[in-house]
Structure formats: C-alpha cells, structure tokens
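The next block holds one structure in the form of structure tokens; read it before the comments.
Sequence lines set the chain letters: A, B, ... in the order given, protein chains first and strands last, and positions in each chain run from 1. Worth saying up front: this structure is predicted, and the values here are computed from it rather than measured.
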Amino acid sequence: MPALPKPLPRSFFEPSARQVARSLLGQLLCRRTEAGIATARIVEAEAYLGLDDPAAHSYKGPTERNAVLFGPPGHAYVYFIYGRYFCFNVSCQPAGKAGCVLFRAVEPIANKDWLRRQRAIAAGISPDKLSENFASGPSRLCQAFGITRPEHNGLDLTKRDSGLFLAEGPGLSRGEKVATGPRIGIKDNREAPLRFFLLAHPHVSPPHNSRL
DNA sequence: ATCATGATGCTG
DNA sequence: AGCATCATGATT
C-alpha cells in the first residue's frame with residue numbers, strides 16, 4: 001500500500017452508475033484525521049440510475065436536496081434519513097446526468113481505532129461493544145468516517161485536500177468474488193440487480209452477504 | 001441465526 | 001405520509 005493514497009481521477013466516475021459501483025469494489029475511502037489518514041476498503045455498493053430509476057432520489061428531477069446529483073461526477077451526495085442517519089453517495093456521469101453510487105459497507109484498513117471511536121461516539125455506544133465489522137451499513141460507515149450532510153455534501157471526492165476522498169485500493173484478493181442482487185431497503189424497482197458486494201465477505205453484513 | 005419494533009425529522 | 005437505517009430485545 002502506498003504511504004499516501006492516490007485519489008481516483010474524475011474520469012473514473014464518468015461511466016454509468018452500474019459500472020462505477022462495480023469498479024469501486026476494492027477501492028479505498030479515505031479521510032484525513034489528526035492521527036493521519038484513515039482508510040477503508042469498499043466491499044458493498046449500490047447503483048442508482050437517475051431519471052430512469054424510480055428508486056433514485058433524482059427520479060423526479062433536480063430539487064434543492066438532490067442538486068449535487070445533477071452536477072459533475074466525483075462529488076459527495078450526503079442525505080439525512082429516518083430522522084437520525086446519513087447516507088453517503090458519489091455522483092456519476094457528466095453534469096446533467098444524475099447517476100450515483102451508494103456506499104453500503106467498508107472494511108477498515110488504516111487508523112481503525114480512530115474509525116471505531118468515531119463510530120461509537122456517533123452511535124452513543126461503547127467502542128468495545130462494536131464488532132470488527134463496525135462499518136458495515138450505509139449509515140454505520142458514515143458514523144465511522146464522521147460524514148454528515150452539512151459538512152460533506154457537495155465535496156469533491158477526487159481531491160486529497162478535500163479531507164474526504166476516494167483512492168486507488170488493493171483491489172480484490174484471490175478468492176474474493178463479486179456478487180450482484182437487488183438493492184436493500186427500497187420498494188420501487190426492487191428487481192433491478194444494482195447491488196454489488198463481495199460474496200460472503202465478513203464486512204458485508206448478514207443476512208445480505210451471501211444472498212444473490 | 002432471524003424477526004419486530006420504535007426512534008426521529010427532513011422532504012415535496 | 002413515507003423514508004436508500006439501526007439498536008435492541010425476543011425468539012429458535
């Protein structure tokens with residue numbers, strides 16, 4: 001692993017959300033902290049397509065909330081959900097097209113203690129009550145990385161000096177296999193196999209880690 | 001392991 | 001009204 005993670009270029013996020021979601025598996029989510037750069041490997045992600053996808057926030061066109069999705073690729077779309085949680089996405093496709101990828105689970109790699117502590121503070125629980133897969137779940141990973149809408153929505157995720165960015169990762173280990181299946185927690189367009197994850201990986205939370 | 005429930009506030 | 005969720009507690 002490089003001492004300094006190399007940010008993914010904007011062109012990485014120009015293809016369709018489906019393609020970007022698939023290629024983000026094995027890449028790194030990085031955050032600058034007072035203890036150094038905290039990193040985690042992406043093991044689960046979902047694609048949301050835009051105007052053709054009834055499940056997407058952008059389905060009905062631009063609003064104040066989803067404006068980032070219609071902007072240039074490689075930017076953070078962070079939204080507030082269920083009155084308590086945040087979810088974190090990266091915008092895809094050129095400006096005007098609204099695809100995005102939702103991050104659903106990451107595997108902490110560097111500065112795990114910092115991530116664990118943030119996760120515990122945000123959730124209001126004790127750090128030692130958390131299991132190893134404490135960043136598996138879209139809002140859990142936001143807690144671990146301290147991602148919030150007021151602080152991070154609209155951020156350029158291709159720049160290291162953004163403090164939060166996406167970088168080239170180690171990819172997939174031997175034996176790790178990508179699986180696809182229906183997205184979690186939505187009612188519209190349930191069938192579409194737009195969820196991508198590493199099969200049976202311990203940081204993809206059960207019961208969704210082995211089902212297609 | 002699975003399942004049900006409630007917390008909580010922004011959105012159009 | 002509904003929501004791209006989570007922690008908890010009951011149950012097998």
Hey, is OH on Y59(A) packed in by over 12 heavy atoms from elsewhere, all under 6.0 Å?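 No, the 6.0 Å shell around OH holds no more than 12 heavy atoms from other groups.
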
Which atom of E46(A) lies closest to which atom of A21(A), heavy atoms considered: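 Scanning both residues, the minimum pair turns out to be C-CB, 4.4 Å.
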
For the student: nearest non-hydrogen atoms of N189(A) and D53(A), plus distance: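 Nearest heavy atoms, N189(A) then D53(A): ND2-OD1, 2.9 Å.
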
Reading DNA chain B 5' to 3', which nucleotide is the first, and which the last, to come under 4.0 Å of any heavy atom in chain A?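 Listed 5' to 3', the contact boundaries are dT2(B) to dG12(B).
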
Represent DNA chain C in dot-bracket notation, 5' to 3'. Only Watson-Crick or G-U wobble pairs with both distances under 3.5 Å count; pseudoknot-style crossings use [ ] and interstrand partners use |. |||.|||||||.

Report each atom pair, protein N/O against N/O of nucleotides 4-6 of chain C, whose distance is under 3.5 angstrom.
from	atom 1	to	atom 2	distance (Å)
dA4(C)	OP1	H57(A)	NE2	2.9
dA4(C)	N9	Y79(A)	OH	3.2
dA4(C)	N7	A55(A)	O	3.3
dA4(C)	N7	H57(A)	NE2	3.2
dA4(C)	N6	H57(A)	N	3.4
dA4(C)	N1	N89(A)	OD1	2.7
dA4(C)	N3	Y79(A)	OH	2.8
dT5(C)	OP1	R104(A)	NH1	3.4
dT5(C)	O3'	S139(A)	OG	3.3
dC6(C)	OP1	P138(A)	N	3.4
dC6(C)	OP1	S139(A)	N	3.0
dC6(C)	OP1	R140(A)	N	3.1
dC6(C)	O4'	Y85(A)	OH	3.0

Hey, are E151(A) and T148(A) close enough side-chain-wise for a donor-acceptor pair under 3.5 Å?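 Yes - a donor-acceptor pair under 3.5 Å links their side chains.
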
Donor-acceptor pairs under 3.5 Å, side chain of residues 130-137 of chain A to any protein atom, not counting sequence neighbours: which ones?
from	atom 1	to	atom 2	distance (Å)
S131(A)	OG	N133(A)	OD1	2.7
E132(A)	OE2	R116(A)	NH2	3.2
S136(A)	OG	N133(A)	O	2.9

Within 45° cone and under 6.0 Å: R104(A) NZ/CZ vs F197(A) ring: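 No cation-pi geometry.
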
Using salt bridge (charged side-chain N to carboxylate O under 4.0 Å, His left out) as the criterion, list what pairs up with D52(A), not counting sequence neighbours.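 Not a single residue meets the salt bridge (charged side-chain N to carboxylate O under 4.0 Å, His left out) criterion with D52(A).
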
Are E107(A) and R41(A) within salt-bridge range, i.e. N to O under 4.0 Å?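 So E107(A) pairs with R41(A) through a salt bridge.
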
Compute the centroid of each ring, for H57(A) and then for Y79(A), and state whether the two points are separated by less than 6.0 Å.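 For H57(A) and Y79(A), the ring centres are under 6.0 Å apart.
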
Taking ring pair (Phe, Tyr, Trp, His ring centres under 6.0 Å) as the test, write out the residues that go with F88(A), two or more places apart.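 So F88(A) forms a ring pair (Phe, Tyr, Trp, His ring centres under 6.0 Å) with F103(A).
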
